[in-house]
Amino acid sequence: MLYELAHAIKERCGFLWDAIEWGNAQAFSLMYRKGLKRIPEILQEHSTDFTVRLATLDDVQNMTKFFAEQPEEAFKFFRPHGFDEKSLKKIVANKAFITFLVLSGDTIVGYFFLRSFVNGKTFKGYMVDFRFRKKGIAKLEGVVMNEVVQALGIRMFGSISPENEASMAAAKAVNEVKILKTLDNGYYYIEYLPKMAGEA
């Protein structure tokens, strides 16, 4: 219900959505400040073959370039926000829209985010550069998101098209996937749960 209501407000009342987002970001950063402080340490632990870190406003130009270089098919199931410089600046500056980058040297090869709310829910999304697929980056992003969510003490949700078999497979590699319902657009509304001990 909350997921669908949020989308309705965003589409029909842009000014109201901006006010809600600002208030949510301020409240979220205060309520979850202890967990948020742990994120750089988590990212450092997983920066081995690739560097994983939080995005900053200084990254926006390169982020814009990263999205511009991806083929159109990469956006078939991934349009959570605008990919222009103005939209990305707004997202990176939002304290509740936690944005992460995966880098090979100085080059962005992966992007993921946790769009979080004061009610203890977050919605995840991710993309891997088409030139760096099948190198374990999607799994890396999933593992990092799991640890960040655990540090924050919140629940993680998302939506996946039943046609997007690659995304479902990536999700199941690091999470127990619980389909809650099918949305009006045909996508599955999912809760991502920790894998049980012993699961691959």
Side-chain angles (χ1 to χ4, degrees), residues 3-4 6-8 10-11 14 17 43 46-47 49-56 59-92 94 97-116 122-146 148-149 156-192 200:
Y3 183 86
E4 292 166 322
H7 277 272
K10 182 178 180 180
E11 291 177 4
W17 177 254
L43 303 185
H46 290 283
S47 293
D49 296 337
F50 299 97
T51 300
V52 188
R53 64 172 176 80
L54 291 166
T56 72
D59 294 309
V60 169
Q61 188 172 359
N62 284 334
M63 290 169 68
T64 305
K65 180 175 180 287
F66 165 78
F67 288 117
E69 291 178 347
Q70 303 310 307
E72 185 60 31
E73 56 89 9
F75 300 95
K76 182 178 180 181
F77 302 111
F78 185 79
R79 293 191 181 275
H81 53 67
F83 302 107
D84 58 285
E85 191 169 327
K86 181 179 179 181
S87 296
L88 292 174
K89 281 183 178 178
K90 185 177 179 180
I91 288 164
V92 172
N94 187 333
F97 204 127
I98 312 169
T99 48
F100 307 85
L101 301 176
V102 181
L103 298 101
S104 176
D106 295 325
T107 302
I108 298 173
V109 297
Y111 164 78
F112 58 110
F113 66 81
L114 292 169
R115 185 171 196 163
S116 307
T122 191
F123 295 83
K124 78 171 189 175
Y126 67 94
M127 176 179 280
V128 176
D129 189 299
F130 75 100
R131 293 158 292 199
F132 283 81
R133 292 174 184 169
K134 298 184 179 180
K135 295 183 181 294
I137 295 175
K139 185 174 182 178
L140 170 64
E141 293 174 337
V143 169
V144 170
M145 285 188 279
N146 285 345
V148 170
V149 165
M156 183 163 57
F157 299 83
S159 60
I160 298 179
S161 166
E163 298 176 19
N164 193 350
E165 296 178 2
S167 184
M168 183 65 80
K172 288 181 176 180
V174 294
N175 288 101
E176 182 71 29
V177 173
K178 181 180 180 181
I179 299 175
L180 302 177
K181 64 177 179 178
T182 301
L183 301 172
D184 290 342
N185 62 2
Y187 278 49
Y188 295 138
Y189 179 45
I190 289 171
E191 181 170 8
Y192 298 94

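No experiment lies behind these values; they were computed from the predicted model shown.
Atom CD of Glu69 sits in a crowded spot, with more than 12 heavy atoms from other residues, nucleotides or ligands closer than 6.0 Å. Within a 6.0 Å sphere centred on CD of Glu165, other residues, nucleotides and ligands contribute 12 heavy atoms or fewer. Heavy-atom contacts from other residues, nucleotides or ligands closer than 6.0 Å to CG of Asn185 number more than 12.
Electrostatic pairing of Arg131 and Asp129 counts as a salt bridge here, judged by a charged N lying under 4.0 Å from a carboxylate O. Glu191 has no carboxylate O lying under 4.0 Å from a charged side-chain N of Lys181, or vice versa, which leaves the two without a salt bridge.
In this structure, OG1 in Thr182 is found 6.0 Å from OH in Tyr188, a value given to the nearest 0.5 Å. Taking OG1 of Thr64 as the start and NZ of Lys86 as the end, the distance is 13.5 Å to the nearest 0.5 Å.
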I would like to know whether Tyr192 and Met145 meet side-chain contact (heavy atoms from CB on, under 4.5 Å); could you show each step before the answer?
CA-CA 10 Å; Tyr192 298 94; Met145 285 188 279; over 6 Å; no
Kindly indicate, with the supporting measurements, whether the criterion side-chain contact (heavy atoms from CB on, under 4.5 Å) is fulfilled by Phe75 and Gln70.
CA-CA 8 Å; Phe75 300 95; Gln70 303 310 307; 3.8 Å; yes
Under the criterion side-chain contact (heavy atoms from CB on, under 4.5 Å), I'd like the reasoning laid out for Ile190 against Met168: C-alpha separation, chi angles, the key distance, then a yes or no.
CA-CA 10 Å; Ile190 289 171; Met168 183 65 80; 4.0 Å; yes
Show your reasoning for whether ring pair (Phe, Tyr, Trp, His ring centres under 6.0 Å) applies to Phe112 and His46.
CA-CA 14 Å; Phe112 58 110; His46 290 283; over 10 Å; no
Go through Asn175 and Lys124 one step at a time and tell me if the side-chain contact (heavy atoms from CB on, under 4.5 Å) criterion holds.
CA-CA 12 Å; Asn175 288 101; Lys124 78 171 189 175; 3.9 Å; yes
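Residue Met63 comes nearest to Ala55 through the heavy atom pair SD-CB, 4.0 Å, listed as atom of the first residue, atom of the second, then distance. Considering all non-hydrogen atoms of both residues, Ala74 and Arg133 come closest at CB-NH2, 3.9 Å. Nearest heavy-atom pair, Val52 versus Ser47, reported as atom, atom and distance to 0.1 Å: N-OG, 2.9 Å. Counting all heavy atoms, side chain and backbone alike, Gly82 lies closest to Leu88 at O-CD2, 3.9 Å. Smallest separation of non-hydrogen atoms from Tyr187 and Pro162: CA-CD, 4.2 Å. Heavy atoms only, all atoms of each residue included: Lys139 and Val174 are closest at CG-CG1, 3.6 Å.
Below 30°, between 30° and 60°, or above 60°: for Phe113 and Phe78 the angle between ring planes is between 30° and 60°, a tilted geometry.
Shown here are the side chain to side chain contact (heavy atoms under 4.5 Å, CB included) partners of Thr107, two or more places apart in sequence or in another chain: Val109. Residues forming a ring-ring contact (aromatic ring centres under 6.0 Å, His included) with Phe157 (at least two apart in sequence, or on another chain): Phe123, Tyr189. When the salt bridge (charged side-chain N to carboxylate O under 4.0 Å, His left out) test is applied to Arg53, the partners found at least two apart in sequence or on another chain are Asp59.
Within the 4.5 Å cutoff, side-chain heavy atoms of Phe77 are placed close to those of Glu163.
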